[in-house]
There are 2 protein chains.
Amino acid sequence: MKVLTKKTDYAIRALLTLAASRGRYVSAKTISEEQDIPYQFLRGLLQELIRLELIVSKEGAQGGVMISRDPDEISVKQLIEGFQGKVQVSECMFRKQICANRANCVLRHEIMRIEQVVNAEFDKITIGSLLRNLEVIQGHVQPAV
Amino acid sequence: MKVLTKKTDYAIRALLTLAASRGRYVSAKTISEEQDIPYQFLRGLLQELIRLELIVSKEGAQGGVMISRDPDEISVKQLIEGFQGKVQVSECMFRKQICANRANCVLRHEIMRIEQVVNAEFDKITIGSLLRNLEVIQGHVQPAV
DNA sequence: GGAACTGATACTATATTAATATCAGTTAAA
DNA sequence: TTTAACTGATATTAATATAGTATCAGTTCC
Ligand code: FES
Ligand code: FES
């Protein structure tokens with residue numbers, strides 16, 4: 001079972017690059033090279049991020065995309081939902097047998113608990129937190145201004 | 001994000017039927033009709049369950065398959081792993097940037113925690129526990145002998 | 001005007017999942 | 001002893017999701 005698709009993975013990485021360059025427009029070409037993401041695939045993905053209102057773009061020479069939110073407000077959960085849909089264990093297991101009694105279905109309760117845990121965990125992980133971890137690991141910590 | 005594939009879903013349902021008929025051989029046809037699972041698809045799936053040693057079969061007329069384990073010892077986790085492979089969040093996110101320092105990667109730690117929680121939860125849900133829930137819901141509880 | 005960009009969209013390739021089809025061999029029982 | 005009800009094994013197709021490519025129009029900066 002794979003939880004993150006490549007698209008989500010790429011989106012996270014693109015946002016990391018953008019978060020590290022806040023306030024500046026970065027071209028798709030640059031991101032593509034820096035993160036080793038196929039150019040055209042990235043282009044499409046960036047347009048989705050624009051629709052999700054996580055980044056904004058500027059056309060023309062010297063244009064590109066720029067992150068438009070506080071990186072701490074962008075969670076991996078949002079990205080998973082945006083690109084892969086909500087975490088859902090099974091549309092509804094055992095339809096025939098149980099679903100007549102959904103409200104009382106114990107299984108359903110347990111499954112929803114799992115979903116909640118997964119969502120809560122992915123909600124904790126943000127672009128901001130990831131970036132800080134990256135910086136710590138790579139020794140690129142910038143002194144607070 | 002879909003956690004259970006149809007195959008896993010079908011397998012669980014087939015095992016529920018078999019658990020409800022412990023000690024008897026049930027034909028694929030019967031299971032197929034009872035659980036509304038495409039016959040040939042079910043056939044293949046049952047052969048996998050045999051390989052996983054969760055059921056045994058008997059050929060010929062009056063043959064079929066029979067559950068060969070205590071239903072409480074068959075967890076949804078085992079089935080997911082058998083049919084879909086281990087739960088894995090991402091083969092390894094951010095390869096380029098972090099994987100040079102895997103041991104210290106905070107992200108990796110968080111992700112592994114999520115995996116553990118999901119696995120632990122699915123490990124708690126067994127064919128036995130599901131069947132009991134079903135019986136309670138449907139009012140088919142058999143008095144203990 | 002031309003190079004460096006994004007917007008929009010259409011297309012192809014690959015992988016995974018889901019479903020079917022076929023035929024040989026086994027067993028029970030009429 | 002034949003036949004209907006079964007599984008074993010395997011091949012094939014269909015449907016869907018994911019991943020990646022290509023093209024062209026329009027914008028902006030120099
Ligand atoms: S699985 Fe559908 S209500 Fe329980
Ligand atoms: S994601 Fe690979 S080590 Fe952190």
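The analysis underlying the following values was restricted to heavy atoms, covering all of them including side chains, and did not include hydrogens, waters or symmetry mates. Proteins get letters first, then strands, A, B, ... in listed order; numbering begins at 1 in each.
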Report task. Identify, between Ser57(B) and Ala61(B), the residue whose nearest nucleotide on DNA chain D lies closer to the 5' end. Result -> Ala61(B)
Requested in this report: Starting from the 5' end of DNA chain D, give me the residue, Arg43(B) or Tyr39(A), whose nearest nucleotide shows up first.
Outcome: Arg43(B)
Query raised in the report: Reckon Ile50(A) touches a base, only the sugar-phosphate, or nothing at all at heavy-atom distances under 4.0 Å?
Result: sugar-phosphate
Report task. Describe the nucleic acid contact of Ile55(A) in one word from base, sugar-phosphate, nothing, applying a heavy-atom distance below 4.0 Å. Result -> nothing
Nearest to the side chain of [X] - [options]?
X: Ala28(B); options: dT7(D), dT21(D), dC29(D); answer: dT7(D)
X: Gln40(A); options: dT18(D), dA19(C), dT23(D); answer: dT23(D)
X: Thr5(A); options: dT27(D), dC29(D), dA19(D); answer: dA19(D)
X: Gln47(A); options: dG7(C), dC5(C), dA19(C); answer: dG7(C)

So, is [X] close to the [N] phosphate, meaning a side-chain N or O under 4.0 Å from OP1 or OP2?
X: Lys7(B); N: dA19(C); value: no
X: Tyr10(B); N: dA19(C); value: yes
X: Lys58(A); N: dC29(D); value: yes

**Report entry** Arg113(A) atom CZ, neighbour heavy-atom count above 12 within 6.0 Å
**Finding:** no
Report task. Identify whether the distance between the nearest side-chain nitrogen and carboxylate oxygen of Glu48(A) and Lys7(A) falls below 4.0 Å. Result -> yes
